[in-house]
Amino acid sequence: MNKELSPQYDSKQIEDNIYKIWEESGYFNPDNLPTTHKKPFTIIMPPPNANGSLHIGHALFVTLQDIMIRYQRMRGRKTLWLPGADHAGFETQVVYNKKLEKEGRSFWEIPREQLYNEIKDFTLANKKYMEGQLKKLGASCDWSREKFTLDEDVKKVVCETFEKLYNDGLVYRAEKPVNWCTKHQTTLSDLEIKYEEKQDKLYYIKYKVSPSASSGQVDEYIEVATTRPETIPADIAVAVHPKSKWAKFIGKKVINPLTKKEIPVLSDMVVDLTFGTGALKITPFHDPVDFMVWQNHKNEITIQPFSVINQYGKMTAEAGTDLAGLKVKEAREKSIELLRPVLVKEPEDYKHQVSVCYKCGTTIEPRIMMQWFVKMTEKPAGNPSAKLRTRKSLRDLAVDAVKSKKIKFIPARFEKIFMHWMKNLHDWNISRQIVWGIQIPVWYCQDKTNEICKKNDGVIVSSKNPEKCPHCGSNNLKQETDVFDTWFSSGQWPYATLMTTKECDFKKYYPTDVMETGWDILFFWVTRMIMFGLYRTGKIPFKDVYLHGLVRDKDRQKMSKSKGNVINPLEVAEIYGTDAVRMALIVGTTAGNDPIISEDKIRGYRNFATKIWNASRFVLMNYKKIDVKPKLTSADKKNLKDLESAKKKITKYLDKYDFNHAAETAYHYFWHTLADKVIEQSKPRIKSENLADAAAAQETLIKILGESMKLLHPFMPFITEQIYQILPTTKEKSLLMIEKW
RNA sequence: GCGCCCUUAGCUCAGUGGUAGAGCGUUUGCAUGACACGCAAAAGGUCAUAGGUUCGAUCCCUGUAGGGCGCACCA
């Protein structure tokens, strides 16, 4: 055979062109779809973080969502797939911080405004690059409606929600224990910390009972077990379990072994009798449990709690001259040196879980800070605002929607996981001390002459700049510098996007049909979207939640640059074709489980693309107009029947989100039925002198090929569209993309 | 501590209350006028383990073992 007529399909030559044809057709935009497309079908694309490039995990979500969209579009639905990008506040700032470190610049020395603008340029450049990547992957989304989490109109919606939450008493400002990352200089929500097992020491320290209060005996003391002796200077009490052997000292005083100050002995059930000594030192500003104990015993404790560790993880002057200035770790050693005379025994090795920053692994310092919180489990206070149709807590709104099956999870087991998490919800700290994000819409009146201003610290919550204080008229206002936790804004994504498109899509396309995203952000994102969606609009944001897993390599390893096992979707798409990459991601992958992908697997589906190409070539090469009425044989009829049953099967699978089986069925049908059987059987007949039979064979072939292209299109859109375009049965200017399924 | 999940062919995974499936890999033929990125065939599994329910269980229930993961204020 002539080598120049390569029998192999060259994806590179056609993909860009096909995408261009689709884009120019305008059919990505539901408004341009033929009038036969009626009922809407909507997916809001989870906005990728615009702080890098798309990886294979993104390719997975693009493929899954594109399959749903293309399938529904072919079924005649008015399909809207709304793309977007996320500024990804903290994550992006971390990425940019690293970038600066590499360049030898100091993140902390750059003025806030300059830093913001630099990160903005960086983010917008990434965003643009990612858009190109999405197109390469064949995403048939409506670019005319693209949104960004920092669009002014989106920010406005987000800030309005905050204001509404505040007015309903669901947002509050308070000084409470929060997670502080000493490296990134910001607080983090409870979800943004992880626990690491660490080998530490458990120290047993004598707290001498104050002689003035004791029964006259000299050497009486309480033994306290702690892993953090460096915080002893901030101890303001000792709590013991009422049934512990220390109970007799309840109400008396002990001497703080470092500051020598008298501190009270409290009784509290939180102290675990079976752990340590049954006595707990109370350091409210460095431990959340201690903070709670302090709150419950305020009238028994005269000393105001204070902090001995600063925001950089170093000891403050309040820690005393011996410790001041030392890092926490050094202070721990130093304090033990000082405490040696009062140690009960040698410290024990102790393995425990320590909370660390999920990004950098730095040990989290619990700190008490004035922060903004969202109430998750309490009902709105006072008169709910007009639009609020319910008086349920944010949690109950979401729980009820899932319980009543208004929102379904695929796979269903995530419903249990969802419920379990919702049960243990705590209030959500949404303020971050970073520059990259949406500034919290709060102003503080600096004059505070008015009583109201005095009472609430001059807080003015307003989704737009108030210019002057509504209480005293002062124009001496200062805006809050903290920004929102990114998930506070992305948690509003479904309605924030649809409310701000110029076509006013909210009415038409909300609630959306499916939310397709990774299970790893179920708590970060999905739960919040459900809560905010119901709270703000009174309606669920989506009906079904399809959760996919994390893409792994053939040894089940997570992909990471350091392991060198990352697959860049665009690189492999360049070599094997986008269609092959998409198939490799779908076949063998079930909802909620981690897809496994390797170059071998992609190569396998590249082979399939070649097979499609060659089978089509065969059909086309042998197709010529015969002016005889085709006479279908029983074999032809059976073949057409097989096609119908394959079509039914695939449809059934697609309708229940079983993309794995849908794709596999289409693959199997094409290769092992159409190519191996139908084509093989047709060979002698095509050349037959019985023209009616030859025509029948041809007609059957071309019909089956055309239908097969439809069945494969959602999965492998490029090659199928290309073949459809050259089929003799295709009408001028028509596109497979909107052919009827 | 509370909770979720997994264990099926050499590998990666599907699946069903009634003789076990796919892809890749392996073996054996084939340079067959679409395709060697191919064609035709073949080998390969007490479906982790012990009980129970059932006429019948890989599938349902209980326990056990191994593995993965989520949540959590044990100093």
Side-chain angles (χ1 to χ4, degrees), chain A residues 1 5-9 177 179 190-191 193-195 200 202-205 224-229 231 235 238-239 270-283 286-293 350 352-353 355 366 411 413-426 519-520 522-523 549-550 552-556 576-577 580 583-584 587-590 592-622 658 660-661 663-665 667-668 671-672 675-676 679-680 682-683 686-687 701:
Chain A
M1 159 167 278
L5 286 175
S6 166
Q8 273 153 47
Y9 166 65
N179 310 304
D190 293 342
L191 278 175
I193 58 172
K194 54 179 187 180
Y195 292 90
D200 272 322
L202 189 58
Y203 303 95
Y204 292 87
I205 298 160
V224 171
T226 181
T227 53
R228 302 204 63 185
T231 62
D235 286 0
V238 166
V270 295
V271 186
D272 186 345
L273 260 179
T274 62
F275 184 87
T277 61
L280 186 61
K281 72 191 205 59
I282 301 301
T283 322
H286 295 296
D287 187 289
V289 178
D290 295 5
F291 185 84
M292 205 176 70
V293 173
Y350 179 53
H352 64 152
Q353 304 281 321
S355 56
R413 74 181 132 91
F414 281 100
E415 187 182 313
K416 286 185 206 163
I417 296 170
F418 169 89
M419 288 299 178
H420 185 250
W421 188 75
M422 292 306 260
K423 218 167 109 187
N424 302 317
L425 259 191
H426 295 288
W519 59 258
D520 53 326
L522 174 63
F523 305 143
L550 186 74
R552 292 168 185 271
D553 74 5
K554 62 177 187 298
D555 303 317
R556 297 202 106 261
Y576 302 110
M583 278 298 268
V587 180
T589 301
T590 44
N593 294 326
D594 294 344
I596 295 189
I597 193 166
S598 60
E599 210 159 322
D600 279 347
K601 192 172 177 188
I602 299 170
R603 204 175 289 127
Y605 291 102
R606 185 271 319 266
N607 295 353
F608 178 52
T610 307
K611 188 74 185 177
I612 296 174
W613 190 249
N614 280 312
S616 306
R617 262 176 76 223
F618 174 85
V619 174
L620 292 167
M621 277 161 64
N622 291 290
D658 189 347
N660 167 32
H661 284 112
E664 200 184 275
T665 306
Y667 171 94
H668 216 263
W671 200 317
H672 301 300
D676 291 350
I679 287 183
E680 289 306 322
S682 77
K683 281 181 178 171
I686 288 171
K687 305 262 151 98
L701 271 182

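A, B, ... follow the sequence lines: proteins, then strands. Residue 1 opens every chain. The shown structure was predicted, so the numbers you read here are calculated from the model rather than taken from an experiment.
- For the OP1/OP2 pair of B:rC35 and a distance below 4.0 Å, the side-chain nitrogens and oxygens of A:Thr610 include no atom meeting the criterion.
- Contacts of residues 597-608 of chain A with RNA chain B (heavy atom under 4.0 Å): A:Arg606, A:Asn607.
- Not counting sequence neighbours, the partners of A:Tyr204 by the side-chain hydrogen bond (donor to acceptor under 3.5 Å, both in side chains) test are A:Glu348.
- Going from the P atom of B:rA22 to that of B:rG15 covers 15 Å, rounded to whole Å.
- Every residue two or more places apart in sequence or in another chain that forms a ring pair (Phe, Tyr, Trp, His ring centres under 6.0 Å) with A:Tyr667 is listed here: A:Tyr605, A:Phe608, A:Trp671.
- Atom name C1', nucleotides B:rA20 and B:rG52: the rounded distance is 24 Å, in whole Å.
- A gap of 25 Å separates the C1' atoms of B:rG68 and B:rC74, to the nearest Å.
- Annotation: ring pair (Phe, Tyr, Trp, His ring centres under 6.0 Å) contacts of A:Phe618 (sequence neighbours excluded): none.
- As rounded to the nearest Å, B:rG45 and B:rU26 have C1' atoms that lie 16 Å from one another.
- Distance noted for atom C1' between B:rC13 and B:rU49: 22 Å (whole Å).
- Across all strands shown, A:Ala675 has heavy atoms under 4.0 Å from base atoms, whether or not it also approaches the sugar-phosphate.
- The shortest distance between the side-chain N/O atoms of A:His661 and the OP1/OP2 oxygens of B:rG21 is not below 4.0 Å.
- Neither OP1 nor OP2 of B:rC35 sits under 4.0 Å from any side-chain N or O of A:Tyr9.
- Dashed line: the shortest gap from a side-chain N or O of A:Trp519 to OP1 or OP2 of B:rG68 is not under 4.0 Å.
- Nucleic acid contact class of A:Leu202 (heavy atoms, under 4.0 Å, all strands): none.
- A:Asn660 and A:Thr589 share no donor-acceptor pair across their side chains, judged by distance under 3.5 Å alone.
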* Asked: Reading RNA chain B 5' to 3', what string of ( ), [ ], | and . shows its pairs, if Watson-Crick and G-U wobble pairs count only when both distances fall under 3.5 Å?
  -> (((((((..((((....[..)))).(((((.......))))).....(((((..]....))))))))))))....

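- Applying the ring pair (Phe, Tyr, Trp, His ring centres under 6.0 Å) rule to A:Phe291 yields the partners A:Trp294; only residues at least two apart in sequence or on another chain are considered.
- Taking atom C1' in both B:rG1 and B:rA9, one finds a spacing of 40 Å when rounded to whole Å.
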* Asked: In B/S/- notation, 5' to 3', how is nucleotides 26-33 of chain B contacted by protein heavy atoms closer than 4.0 Å?
  -> --------

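- Contact check, A:Lys194 against B:rC71: no side-chain N or O comes under 4.0 Å of OP1 or OP2.
- The side-chain hydrogen bond (donor to acceptor under 3.5 Å, both in side chains) test applied to A:Lys683 returns A:Glu680, not counting sequence neighbours.
- The gap from the C1' atom of B:rA42 to that of B:rG3 amounts to 47 Å, rounded to the nearest Å.
- Comparing the same atom, P, in B:rC61 and in B:rG17 gives a spacing of 13 Å after rounding to whole Å.
- Within 4.0 Å (heavy atoms only), A:Phe523 reaches sugar-phosphate atoms of the nucleic acid but no base atom.
- Under the rule for a side chain to side chain contact (heavy atoms under 4.5 Å, CB included), the partners of A:Ala663 that lie at least two apart in sequence or sit in another chain are A:Met583, A:Ile586, A:Val587, A:Phe715.
- Below the 3.5 angstrom threshold, one finds a donor paired with an acceptor across the side chain of A:Glu680 and the base of B:rA34.
- Close to B:rG23, at under 4.0 Å from its OP1 or OP2, lies a side-chain N or O of A:His672.
- By the ring pair (Phe, Tyr, Trp, His ring centres under 6.0 Å) test, A:His286 pairs with no residue at all, sequence neighbours left out.
- Remark: A:Arg552 engages A:Asp594 in a side-chain hydrogen bond (donor to acceptor under 3.5 Å, both in side chains) (not counting sequence neighbours).
- Using a 4.0 Å cut-off, some side-chain N or O of A:His352 falls inside it from OP1 or OP2 of B:rA75.
- A:His352 pairs by the side-chain hydrogen bond (donor to acceptor under 3.5 Å, both in side chains) definition with A:Asp200, not counting sequence neighbours.
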